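Just so we're clear, the structure is a prediction, and the values are computed from it rather than from any experiment. Letters go in sequence order (proteins before strands), and every chain restarts at 1.
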Amino acid sequence: MSEENVRVRIAPSPTGAIHVGLARTALYNYLFAHKNKGTFVLRIEDTDFDRSTEESAQAIIKGLGWLGIRFDEGPYYQSQRMDLYKSYAEKLLQTSHAYKCYCTQERLEEERKRAETERRVWRYDRRCLNLTDSEKASFEAQGIKPAIRLRIPDGPTTFSDLIHGEITREAKDIDDFVAVRSNGIPTYNFVVVIDDHLMKMTHVLRAVEHISNTFKQVLLYKALGWDEPKFAHLPLILGEDKKKLSKRHGAMSLDEFRRLGYLPDALVNFLALLGWSPGEDREVMTRAELEDLFSLERINTSNAVFDMQKLTWMNGEYMRRMNPEDLIRAFTDWLAYTRTELPSEYATQELLSKAVPMIGERSRTLAEIYDALLPFISDDLTYDESGLEKHFRKDPDTVSQRLKLYRDKIEELDEWTVESTEEALRQLVEELDVKAGLLIHPVRLAVTGRTVGPPLFDCLVLLGRERVLERLGKLPR
RNA sequence: GGCCCCAUCGUCUAAUGGUUAGGACAUCACUCUUUCAAGGUGAAGAUACGGGUUCGAUCCCCGUUGGGGCUACCA
């Protein structure tokens, strides 16, 4: 199924860190646009002057850029389009679809609270709906600036959602909401309609939390005599606690994922699968495949819990499929992004080019690579406690003796290679008539401080003879 | 509280008015292996409940329960 001249947008409010919910919504819009050869627009909804920051707007653009989500138009800033909105408010007033409201916020707040304690439903009581001219004049004389409210017409309001089907709400359940604040700044529900119309949006894909706003917006489209776009309300991404993602959920900002060492492609793939599935048991997909397979019809109705473990698994999949050069670049980019300095003495390009692919094979995030790299780029070893317990403390004298024997053997080696160091160990093992593991494990522990890592003899070569001899002589207790 | 949305393994999901309800992550075994990771094999694990409709419902309808969202002169 292909749509004609698709135009979609994301319209984030720049009021904080960009989190994965926004990223997923952006991704779906982006995929939908690409799939239909349409246009993807970014519009910054900064009508809340108190909370909006340019910094946050930039972070959103950067964050999406990191994910490889590019837009074809924008960013448009609503704060720069204020003049445009005025005439439409005026028009609503003239056609009696809206009215001026002089109620103070304090009074409304009070009423709301009272209703709450009395367990009554509060809705604006339309006190200002039928104000006479003289009443209005009196308020104006007192210097009270009016807000503009939309008059919700009687009867049910229905819209057809591409994912949920028809959804209806009765007029009594919709508030005469404020379209223009008393300070003259229009609100989200008002400008979103104007901009979506003016920008010729054909589809609005956004999270289900906007369903209740949609009724207000549909009414606005009607009042202004415009056709509405098609709506599709996406399921929410929930945290482990099954609540909507918010600031409370710590590691959920894009920046945080980047710091933790996740790859944008892996995150995109994972996010795509949160609320959508291509069927046929497909999971790991390239971006091109994603664009090709994506369709609104296969978006789910129910919310999805963000499963960090699965993301981590998928990230590992991507890391293992990367070629060495790309992996090294991703790793060094990550170092730069997190401002992680490597000790220059050992952290040479040469070492990185050998070590990173080897370590990357057994890591799931870039941060894990860094951690596993530590023994090779620093002489400040910390020894794994359970490793010491298992491979050393049970019989320290014997182990020390064996390590010393191995040290003596490899000190004499003509060449320092994976083969030669292994051959030396095999010989020693035979001479001592013990299992190879009895030597391998303590040696690994002594030279890396760890019980896990790349194959031992690769580690030895990576470290170089000098450091290996040094470490074999400096035993843990 | 009111309104709205939702309901398949712990999690992400697939499927059909008739299937042994499939896959993935996670878990647990076993295997491979110098460790770890990866790989291989296998195990355990779901149609929330109650009514209908139907020859037959996980699937369609209603209700219950549960979860979620919204309930601003935020978006």
Side-chain angles (χ1 to χ4, degrees), chain A residues 11-15 45-48 50-52 101 103-105 108-109 112 115-116 118-123 145-149 161 163-164 167-170 172-175 177-183 185-189 191-192 206-215 233 235-236 238 240 242-244 270 273-284 298 300-314 316-317 320 359-364 368 372 387 391 422 425 429 435-441 443-445 448 450-457 459:
Chain A
S13 62
T15 55
E45 309 244 324
D46 53 353
T47 54
D48 184 345
D50 294 336
R51 298 195 303 151
S52 299
C101 171
C103 296
T104 64
Q105 290 183 60
L108 295 172
E109 191 53 39
R112 234 193 312 274
E116 172 120 11
E118 291 170 15
R119 298 216 272 171
R120 279 183 2 248
V121 177
W122 162 257
R123 226 161 282 107
K145 297 267 187 270
I148 298 175
R149 289 183 182 271
D161 188 279
I163 295 169
H164 297 279
I167 308 176
T168 300
R169 184 171 290 190
E170 300 299 327
K172 68 174 174 59
D173 297 318
I174 307 175
D175 219 9
F177 66 95
V178 170
V180 182
R181 299 174 173 93
S182 49
N183 64 6
I185 313 287
T187 63
Y188 160 75
N189 275 125
V191 287
V192 73
R206 70 212 333 179
V208 285
E209 57 194 338
H210 282 289
I211 284 181
S212 48
N213 286 324
T214 307
F215 298 101
H233 287 95
L236 257 22
L238 272 24
E240 308 272 359
K242 305 216 176 185
K243 295 263 191 268
K244 187 176 83 162
F270 176 76
L273 259 16
L274 236 42
W276 171 82
S277 155
E280 295 173 358
D281 296 333
R282 299 195 60 176
E283 300 232 272
V284 181
R298 294 194 66 95
N300 285 305
T301 47
S302 52
N303 296 339
V305 173
F306 192 99
D307 182 356
M308 200 71 157
Q309 283 187 310
K310 187 155 182 177
L311 200 220
T312 304
W313 162 78
M314 186 163 283
E317 287 292 307
R320 258 172 265 115
I359 290 170
E361 251 181 89
R362 32 184 58 77
S363 303
R364 296 173 304 172
E368 280 183 15
H391 303 300
E422 172 156 15
L425 187 131
V429 156
K435 281 191 182 171
L438 286 179
L439 220 41
I440 287 173
H441 296 307
V443 170
R444 178 190 301 283
L445 189 64
T448 69
R450 315 267 176 119
T451 58
V452 302
L456 177 63
F457 306 105
C459 290

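For the residue pair A:Thr214 / A:Arg206, a side-chain donor-acceptor distance below 3.5 Å is found, with atom types taken as modelled.
Remark: B:rC3 base-pairs with B:rG69. Criterion, Watson-Crick or G-U wobble with two distances under 3.5 Å. Under the Watson-Crick or G-U wobble criterion, with both distances below 3.5 Å, B:rC49 is paired with B:rG63. Within the shown strands, nothing qualifies as a pairing partner of B:rU33 under the Watson-Crick or G-U definition with both distances less than 3.5 Å. Nucleotide B:rG10 has B:rC25 as its partner under the Watson-Crick or G-U criteria, with both atom distances under 3.5 Å. As the counterpart of B:rU58, no nucleotide is assigned, since no Watson-Crick or G-U wobble pattern has both distances under 3.5 Å.
A:Glu109 CD: more than 12 foreign heavy atoms inside a 6.0 Å radius. Within 6.0 Å of the CD atom in A:Glu118, the count of heavy atoms belonging to other residues, nucleotides or ligands exceeds 12.
When distances run from any side-chain atom of A:Arg51 to the nucleotides B:rG69, B:rA75, B:rC36, the shortest one goes to B:rA75. In this structure, of B:rU35, B:rG2, B:rA75, it is B:rG2 that holds the atom nearest to the side chain of A:Val121. Side chain of A:Arg181, nearest nucleotide from B:rA75, B:rC70, B:rC4: B:rA75. Ranking B:rG23, B:rU35, B:rU13 by closeness to the A:Lys310 side chain, first place goes to B:rG23. The side chain of A:Val452 lies closest to B:rC36 when the candidates are B:rC36, B:rC4, B:rC74. When distances are taken from the side chain of A:Ser277 to each of B:rA75, B:rU13, B:rA26, the shortest belongs to B:rU13. Each of B:rC3, B:rA14, B:rU34 was ranked by its minimum atom distance to the side chain of A:Leu456; first place goes to B:rU34. Closest contact between the side chain of A:Val305 and the listed nucleotides B:rC12, B:rA75, B:rC36 involves B:rC12. When distances are taken from the side chain of A:Ile211 to each of B:rC5, B:rG1, B:rA24, the shortest belongs to B:rC5. Listed nucleotides: B:rA75, B:rU35, B:rA14. Nearest to the side chain of A:Asn300: B:rA14.
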Anything under 3.5 Å between a protein N or O and an N or O of nucleotides 7-9 of chain B, put it in a table, one pair a line.
residue : atom : partner  : partner atom : Å
B:rA7   : OP1  : A:Thr301 : OG1          : 3.1

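For A:Asp281 and B:rG23, the CG to P distance is 8 Å, given to the nearest whole Å. The separation between A:Trp313 atom CH2 and B:rG23 atom P is 14 Å, rounded to whole Å. Look at CD1 on A:Ile174: it is 13 Å from C1' on B:rG2, rounded to the nearest Å. If you take CG of A:Leu273 and P of B:rC25, they are 12 Å apart, rounded to a whole angstrom. The interatomic distance linking A:His164 (NE2) with B:rG69 (P) rounds to 14 Å, in whole Å. As a whole-Å value, the separation of A:Leu238 CG from B:rG67 P is 13 Å. Straight-line distance from the CD atom of A:Glu283 to the P atom of B:rU11: 16 Å, rounded to whole Å. One atom, CG of A:Asp307, and another, C1' of B:rU11, lie 5 Å apart when rounded to the nearest Å.
Taking the C1' atom of each, B:rC6 and B:rU33 are spaced 47 Å apart, rounded to whole Å. Using atom C1' as the reference point in both B:rG63 and B:rA7, the two lie 15 Å apart (nearest Å). Remark: the separation of the C1' atoms in B:rC70 and B:rC61 is 27 Å, to the nearest Å. B:rU20 and B:rC28 have their C1' atoms separated by 23 Å, with the value rounded to a whole Å. Taking atom P on both nucleotides, B:rU31 is separated from B:rA46 by 28 Å, rounded to a whole Å. When the C1' atom is compared between B:rA57 and B:rU16, the two are found 11 Å apart, to the nearest whole Å. Taking atom P on both nucleotides, B:rC59 is separated from B:rC30 by 40 Å, rounded to a whole Å. Taking the P atom of each, B:rC25 and B:rG40 are spaced 10 Å apart, rounded to whole Å.
Residues A:His441 and A:Thr451 have side chains not in contact (no heavy-atom distance under 4.5 Å, counting atoms from C-beta outward). Annotation: side chain of A:Arg123 is not in contact with side chain of A:Ile174 (no heavy-atom distance under 4.5 Å). Side chains of A:His164 and A:Val208 form a contact here, defined as non-hydrogen atoms less than 4.5 Å apart. The shortest side-chain heavy-atom distance between A:Ser52 and A:Thr47 does not fall under the 4.5 Å cut-off. Put simply, the side chain of A:Leu425 reaches to within 4.5 Å of the side chain of A:Phe457, judged on heavy atoms. In this structure, the side chains of A:Arg169 and A:Ser212 come closer than 4.5 Å at one or more pairs of heavy atoms.
Within 4.0 Å (heavy atoms only), A:Gly437 reaches no atom of the nucleic acid at all. If you check every strand for non-hydrogen atoms under 4.0 Å, A:Arg282 touches nothing. Looking at heavy-atom distances under 4.0 Å, A:Ala304 makes contact with sugar-phosphate atoms alone, never a base. No contact: A:Gly387 has no heavy atom under 4.0 Å from any strand. In this structure, A:Cys103 reaches the bases: a heavy-atom distance under 4.0 Å links it to at least one base atom across the strands shown. Within the nucleic acid shown, A:Pro235 has no heavy atom closer than 4.0 Å to any nucleic acid atom. Nucleic acid contact for A:Thr168: sugar-phosphate only, since backbone atoms but no base atoms lie under 4.0 Å from a heavy atom of the residue. Looking at heavy-atom distances under 4.0 Å, A:Gln105 makes contact with a base. Contact annotation for A:Arg320: backbone-only contact, meaning every heavy-atom pair under 4.0 Å involves sugar-phosphate atoms and none involves a base. Residue contacts for A:Thr15: at a heavy-atom cut-off of 4.0 Å it reaches no nucleic acid atom on any strand shown. Using a 4.0 Å heavy-atom distance criterion, A:His233 is classed as making no nucleic acid contact. No contact: A:Arg120 has no heavy atom under 4.0 Å from any strand.
Ion pairing of A:Arg119 with A:Glu116 is absent here, as no side-chain N (NZ or NE/NH1/NH2) approaches a carboxylate O to less than 4.0 Å.
Scored by the ring pair (Phe, Tyr, Trp, His ring centres under 6.0 Å) test, A:Phe306 finds A:Phe257, A:Phe270 as partners (sequence neighbours excluded).
Contact annotation: A:Arg149 side-chain N/O to B:rC73 OP1/OP2 distance is under 4.0 Å. One finds a side-chain N or O of A:Lys244 lying less than 4.0 angstrom from the OP1 or OP2 phosphate oxygen of B:rC70. Distances shown here put a side-chain N or O of A:Arg298 below 4.0 Å from the OP1 or OP2 atom of B:rA15.
Ranked by how close their nearest RNA chain B nucleotide is to the 5' end, A:His441 and A:Ser13 are led by A:His441. Place A:Ser182 and A:Lys172 on RNA chain B by their nearest nucleotides, and A:Lys172 ends up nearer the 5' end.
Without hydrogens or angle criteria, A:Asn183 side chain to A:Ile185 main chain gives a donor-acceptor distance under 3.5 Å.
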